[in-house]
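Lettering follows sequence order; numbering is per chain, from 1. Model, not experiment: these values are computed from the prediction.
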Amino acid sequence: MALSTPHLLGLNGVPKEDIQLILDTATTFREVLDRPIKKVPTLQGKTIVNLFYESSTRTRISFELAQKRLSADIVNFSKGTSSVSKGESFKDTVKNIEAMKVDMIVVRHSSAGVPHYLTRISNANIINAGDGLHEHPTQALLDMYSIREKLNSLEGLRICIIGDIAHSRVALSNIYGLKTMGATVNVCGPATMIPKELERLGVKIYNNVDKAIAEHDVINVLRIQLEREAGISIPSLREYHNYFGITAERIERNNKDILILHPGPINRGVELSSEVADGPYQVILNQVTNGVAIRMAVLYLLGTAN
Amino acid sequence: MQIILKGGIVINPAQNIEQKLDLLIDNGIIKKIGAIKPGEYSSAKIYDFENKFIVPGLFDMHVHLREPGREDEETVVTGANAAAAGGFTGLACMPNTNPTIDSAEVINFINQKANGHLVNVHSIGAVTLGRKGESLAPIAEMVEAGAVAFSDDGVAVKTAAILRKAMEYASMYDKLVIEHCEDESLAGGAMNESVVSTQLGLPPLPSVSEDLIVMRDILLAEYVGARVHIAHISTKASVEMVRQAKKKGINVTAEVTPHHFTLTHDSLKTFDTNFKMNPPLRSKEDVLAIIEGLKDGTIDCIASDHAPHSIEEKDLEFINAPNGIIGLETQLGLAITELVHKGHLTISQLVEKLSVNPRKILNVPVPQITEDENADLTIFDSDMVWTVDKNKFKSKSKNTPFDKRLLTGKSIAVINNGKMFIDDNFLNITG
């Protein structure tokens, strides 16, 4: 079995069979992570560059661990957002790195479309670790894996993404992936945080978080960018918490069977109360563990295809 | 030196001519119009333009020549060469150079660079010093040096207050302000806001940011009683506002670029920076409204917004790449392919939008196809099928989204100022 594409640029247009294969392969690797020796020789001799043009802690560490567990040789490159005025161009950096013979590039960048651009200027397999406000496919895959782990299947489930949808690459990848797998996906947030014509992607928009909790099986709660949004898209973090924050009281009042996901990092007391963040409904740390397995699966499937 | 243009169809909507006529041109002056018998002028060089169109030289009123400042991207001469190759005998260049065209000195510098060229190069002066929107540039001095209009293109004139003053002041010389319509507080995005920007995660640029300034400018033009020209109109709502304003008798005119009637924001899906421009490519609905506007005369003319950028400036991550594409050498082909062959405009209407109207807006004399007049002509073949090859461009820059595109309709030759451009060469036709 192999994926239908040499790259993972996003989940838009990725066929169901590919997603199924990644999730199933991740199940195998998830088991490896519970062994005393958490390492397999699968990608021995493969060289992977982690090209991080935007700060990241958990995604970078997760990819790095996944690569080490697969015995790949890895190089990390981190840099602030590039600009022609700041010396070497992105293209030249990539060309130089590629000249050192690398097989795969994992890339994060603040500009949407950089992974696609990379496929035009490089011969390596490209994995998108987050591009601008576009996609973050491995995050969506680990979310899907975590939901499937708890609820057995994605087909027919009702999932609501709550928060700043307009500034989220996680939301888009989740919408694409989950819909492909037969789930219903809707979003909830203040009108200022819903991007234009989102409903044309086949999602319903909720402005009432109680209703959203009541009408879904799963909620995926997004992080509010503290510095950026207060005073611009929302009057204050206090008001956001009061009207859109997920609290234990809200869950108990509306839907005690809900499953809660959060891609991290959490702003406690803003989008999630601490009680919920550490409470019985959430799988937030499972998501983190599963993230390593998902990334192992993606790296394995792309790295061994030819 | 005498040349004969044989068998062409002469069209000049400004003179109501549309007829098959031979032309004798002697030292760059039209000397005879009508049937010329074989051997009648035995020393003349004969060009067979059987069934090709001969029209008053085309004029592009929105060009960025990049000189002074970015001569690595374009110069006055290479830009004028590109214009000639694209079928144009005149152009007006925008002031966002470095230094800005905000003084008579810079206009004199450009005039000197363009001196003797086949293509007439006119300067558009900045409305405000440095295009900063703070104090008026020396409009009268620039008029005297040859400025044909005023614009802070790249941005809208910053405040209604200074725009009002500029309109009033420029009116004294019967000059107009050309506006890049974009509300500053809504600017800064990378593509049209829509489901496509949502899908691509690119920072959005809402169409209403254009509409707000179009409305402001129309209201001011009416209030002041001045003329205003809307550059590169791109939205359905703006087209409708211009239409209604014209009906009310307000002196507003508008231009559109070939990319805004040819492409939609769906092209952005490849993240190719050659589709990144400002105003951005809009929706199919906007494109249809623009075509309607061209047909009913709401949109007066077609202009390229020729914006050269070096390869290294454009070959970047999408959000870091600058806006703009070149257009002088694809403009006529796109207009014929998209507007004439699809039945939206006749050849005569096309000539109005590419030759007559831009000159009328700028008060530049429209070339007359009349005996004893300077021969200022474009000869084009409306049926020639060709493939765009950016490597053959005369422009110094290659940033076009139309490379490898099949077009129908191409300029064959231009004549002006005693010179002729044909077969990729400039010829002197005097002496």
For B:Gly201 and A:Ala112 the tightest heavy-atom approach is O-CB, 3.6 Å

Applying ring pair (Phe, Tyr, Trp, His ring centres under 6.0 Å) to B:His309 and not counting sequence neighbours gives none

Between A:Arg120 and B:Thr270, the two heavy atoms sitting closest are NH1-O, 2.9 Å

Among A:Pro195, A:Ser111, A:Gly10, the residue with the most heavy-atom pairs under 4.5 Å to chain B is A:Ser111

For atom CD of A:Glu199, decide whether the heavy atoms of other residues, nucleotides or ligands shown that lie under 6.0 angstrom number more than 12. yes

Within residues 394-402 of chain B, the residues sitting under 4.5 Å from chain A by heavy atom, in sequence order, are none

| said: For a 4.5 angstrom cut-off between non-hydrogen side-chain atoms, does B:Ile319 reach A:Ser110? | reply: yes

So CD of B:Glu317 and OG of A:Ser89: to nearest 0.5 Å the spacing works out to 7.5 Å

Would you find more than 12 non-hydrogen atoms of other residues, nucleotides or ligands less than 6.0 Å from B:Lys132 atom NZ? no

**Prompt:** Any chance the rings of B:Phe271 and A:His134 have centres within less than 6.0 Å?
**Reply:** yes

Sub-4.5 Å side-chain heavy-atom contact between B:Leu202 and A:Leu133 | no

| said: I'd like to know whether CD of B:Gln244 has more than 12 heavy-atom contacts from other residues, nucleotides or ligands below 6.0 angstrom. | reply: yes

Separation between OG (B:Ser194) and NZ (A:Lys196), nearest 0.5 Å, reads 9.0 Å

Does a side-chain heavy-atom distance below 4.5 Å link B:Phe318 with A:His109?
no

| said: Strictly distance-based, threshold 3.5 Å: is any side-chain N or O of B:Thr198 a donor or acceptor partner for the main-chain N or O of A:Leu198? | reply: no

Value for CD (A:Glu135) from CD (B:Gln199), rounded to nearest 0.5 Å, stands at 9.5 Å

Do the side-chain N and O atoms of B:Asp272 and A:Tyr117 include a donor-acceptor pair separated by under 3.5 angstrom? no

